[in-house]
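Indexing begins at 1, ligand by ligand and atom by atom, following the structure's order. Nothing fancy with the numbering, it's 1 onward along the sequence.
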Amino acid sequence: MARHTITLIPGDGVGPEVSAAARRVIDATGADIEWEVHDAGLDVMERYGEPMPAHVLDSIRRNKVAIKGPLTTPVGKGIRSVNVALRRELDLFALVRPCKWYPGVRSRYENVDLVIVRENTEDLYAGIEFAEAEPQTLELIEAIERLGGRRIRDDSGISIKPISIYGTQRVYRFAFQWARDNGRHKVTAVHKANIMKHTDGLWLRVAEEVSKEFPDIEFEDRIVDNMAMQLVQKPELYEVMVMPNLYGDILSDLCAGLVGGLGLAPGANTGDEIAVFEATHGSAPKYAGQNKANPMAMMLSGVLMLRHIGEREAGDRLEAAIAAVIAEGHSVTYDMKQQRDDPSAVGTSQVADAVVAALERAPVPS
Ligand code: NAD
C-alpha cells in the first residue's frame with residue numbers, strides 16, 4: 001500500500017495538462033503516493049447532475065489531502081463557482097498563497113518572498129446575494145430601511161458581506177501559527193476598517209486581540225488601498241499578510257505579478273483537517289489543449305502539498321529542481337520569456353521533462 005493516498009482533480013481548460021505535469025514531477029521525487037483521480041466541474045454536470053459530485057467530496061474527506069487543477073466558472077450565467085463552493089463545503093478557511101521570486105524570473109522586482117493568507121469562507125464570497133427586482137430583494141430593502149439603515153434604491157442587486165469573530169479568530173490563529181512554523185517574523189492585517197466599521201472594523205479588532213497570543217511575531221495593519229500601493233513600491237517590507245476574501249483574491253494576483261505572473265503562483269486551501277492544493281491561476285481556456293500553459297504554479301502547489309504530508313525533503317528537492325529549470329532559462333513556457341511569441345519557449349510537458357531531469361541530477365539524501 002502506498003504511504004499516501006491523495007485525491008487528484010485534473011480540472012478543465014489547461015487544468016488536465018498542468019495537472020499531468022505536476023503529477024509527473026511529484027512522482028519523480030520518489031514520494032510514495034497513490035492518486036485517486038476524479039473529474040469535476042462543468043464537464044461532469046451532465047453525467048452526475050452537479051459540478052462537484054458527492055463521490056469526489058467523499059474522496060477528499062477520506063484522504064484529507066487533494067490537489068486540483070482550475071475549474072471554469074462561466075461569467076454572469078447564474079452558475080456559482082465550484083472552486084468557491086468546494087472551499088466552503090470542506091470549510092477550508094485559510095488560503096495560503098506564497099509569492100516568491102526565483103532567480104532567473106523576469107520581473108520588475110527581485111528578492112520578493114511574501115505570503116498571503118486569505119480568509120476563504122466569508123466576506124462578499126459567502127454567496128449570499130439578492131437579484132434586482134426580486135420580491136425577496138424588495139423585502140430586504142424594506143427591512144433594511146425599517147431597521148434604521150438608509151433607503152437602498154429599489155432597482156438594486158445586493159451582495160451581503162458577513163465577517164464573524166469566529167471566522168476572523170481562526171484565520172488569524174492559523175496565520176500567526178503558520179508564520180511561527182515557517183520562520184516568519186511579521187503579520188500584517190489588511191482591511192478597510194475606516195469605511196466598513198462593523199465588518200472590517202471587527203476584522204481588525206479581532207486581529208489585534210489574536211496578535212497578543214503570539215508576542216514573538218510582530219503585528220501591524222494596513223488599509224487595503226495603501227497596501228496595494230506599498231506592495232508595488234516596497235514589497236520587501238512585508239512577510240505574511242492576512243486578508244478578507246475579496247481583498248485576498250485581488251491582491252493575490254497583484255503579488256503573483258510581482259514575482260513573474262500567474263504561471264508561478266501556488267496555493268493551499270487549508271482547514272482544520274483537510275487541505276486542497278491549487279494554483280492561483282484559472283483555466284486559461286484560450287490555451288486549453290495546446291501544451292502551452294506554464295505548469296510551474298501547479299508544481300509549486302505540489303511542493304506545498306509534499307511538505308504538508310510530511311514529505312518535506314521531497315518538497316524541498318522539487319522546489320530546487322523547479323528553481324534550477326528557471327535559473328537555466330531554456331525549458332520555460334512563453335509567459336516566462338521577454339517576448340510572448342519567443343519561438344524558443346517550450347510547452348507544458350517539456351517543462352515537466354526538464355524538472356524530472358533536474359530531479360534526477362540532484363542527489364537524493366540517504
Ligand atoms: P486565468 O488565470 O485563467 O487567466 C488569466 C491570464 O493568465 C490569461 O491571459 C491566461 O492565459 C494567463 N494564464 C493563466 N494561467 C496560466 C498558466 N498556467 N500559464 C500561462 N499563462 C496563464 O483567469 P481568467 O481568464 O480570469 O479565468 C478563466 C476561468 O478560470 C474562469 O472561468 C474563472 O472562473 C476560472 N478560475 C478558476 C480558478 C480556480 O479553479 N481556482 C481560479 C481563477 C479563475
- [ ] Carefully, step by step, assess F277 and H308 under the rule ring-ring contact (aromatic ring centres under 6.0 Å, His included).
- [x] CA-CA 10 Å; F277 296 82; H308 174 83; 5.4 Å; yes

Open item on the list: Tell me if the aromatic rings of H55 and Y48 count as close, with their centers under 6.0 Å from one another.
Closed with: yes

Task: Atoms in ligand 1 flagged as close to N83, the criterion being non-hydrogen separation under 4.0 Å - done: 37 (C), 38 (C), 39 (C), 40 (O), 41 (N)

Task: Contacting atoms of ligand 1, where contact means under 4.0 angstrom from a heavy atom of K68 - done: 40 (O), 41 (N)

TODO: Would you mind finding which of N269, L262, V18, V276 brings a heavy atom closest to atom 6 (C) of ligand 1?
DONE: L262

- [ ] With heavy atoms under 4.0 Å as the rule, classify the contact between M298 and ligand 1 as side chain, backbone, both or neither.
- [x] neither

Open item on the list: Taking 4.0 angstrom as the limit and counting only heavy atoms of T72, give me the atoms of ligand 1 inside it, by number and element.
Closed with: 32 (O)

Open item on the list: I'd like the name of whichever of T280, N294, L264, T348 reaches closest to atom 18 (N) of ligand 1 through any heavy atom.
Closed with: N294

- [ ] Go through ligand 1 atom by atom and flag the ones less than 4.0 Å from a non-hydrogen atom of Y287.
- [x] 11 (O)

Task: Closest candidate by heavy atom, reference atom 23 (O) of ligand 1, pool A279, A293, G282, G267 - done: G282

Task: Identified side-chain hydrogen bond (donor to acceptor under 3.5 Å, both in side chains) partner of N269 from the options R87, R97, K68, R118 - done: R87

Task: Any side-chain heavy-atom pair of L114 and L231 under 4.5 Å - done: yes

Open item on the list: Side chain, backbone, both or neither: which applies to K292 and ligand 1 if a contact is any heavy-atom pair less than 4.0 Å apart?
Closed with: neither

Task: Polar atom proximity, H281 to ligand 1 (N or O, under 3.5 Å) - done: yes

Open item on the list: Using a strict threshold of under 4.0 Å (side-chain N to carboxylate O), is an ion pair present between R184 and D181?
Closed with: no

Open item on the list: What's the separation between atom SG in C255 and atom CD1 in I250, rounded to the nearest 0.5 Å?
Closed with: 12.0 Å

Open item on the list: So, regarding A284 and ligand 1 (criterion: nitrogen or oxygen to nitrogen or oxygen, under 3.5 Å), is there a contact or not?
Closed with: yes

Open item on the list: Is there a polar contact, in the sense of an N or O pair closer than 3.5 Å, between G263 and ligand 1?
Closed with: no

Open item on the list: If the threshold is 4.0 Å, N to carboxylate O, is there a salt bridge linking R307 and E313?
Closed with: no

Open item on the list: Taking distance alone, with N or O pairs closer than 3.5 Å, would you say P285 contacts ligand 1?
Closed with: no

Open item on the list: If you take the centroid of each ring, where Trp contributes its six-membered ring, are Y287 and Y334 closer together than 6.0 Å?
Closed with: yes

Open item on the list: D335 versus ligand 1: do any nitrogen or oxygen atoms come within less than 3.5 Å of each other?
Closed with: no

Task: NZ/NE/NH1/NH2 to OD/OE distance under 4.0 Å, K64 and D272 - done: no

Task: Ligand-side contact atoms (ligand 1) for residue partner R87, heavy atom cut-off under 4.0 Å - done: 41 (N)

- [ ] Go through ligand 1 atom by atom and flag the ones less than 4.0 Å from a non-hydrogen atom of K286.
- [x] 9 (O), 11 (O)

Open item on the list: Ring-plane angle category for F214 and F176, please: parallel below 30°, perpendicular beyond 60°, tilted otherwise.
Closed with: parallel

TODO: Run the numbers for me: atoms of ligand 1, each under 4.0 Å from some heavy atom of E278, listed by number.
DONE: 39 (C), 40 (O), 41 (N)

Task: T73 contact mode with ligand 1 (heavy-atom cut-off under 4.0 Å) - done: both

TODO: Run the salt-bridge test on R205 and E209 with the 4.0 Å N-O cut-off and return the result as yes or no.
DONE: yes

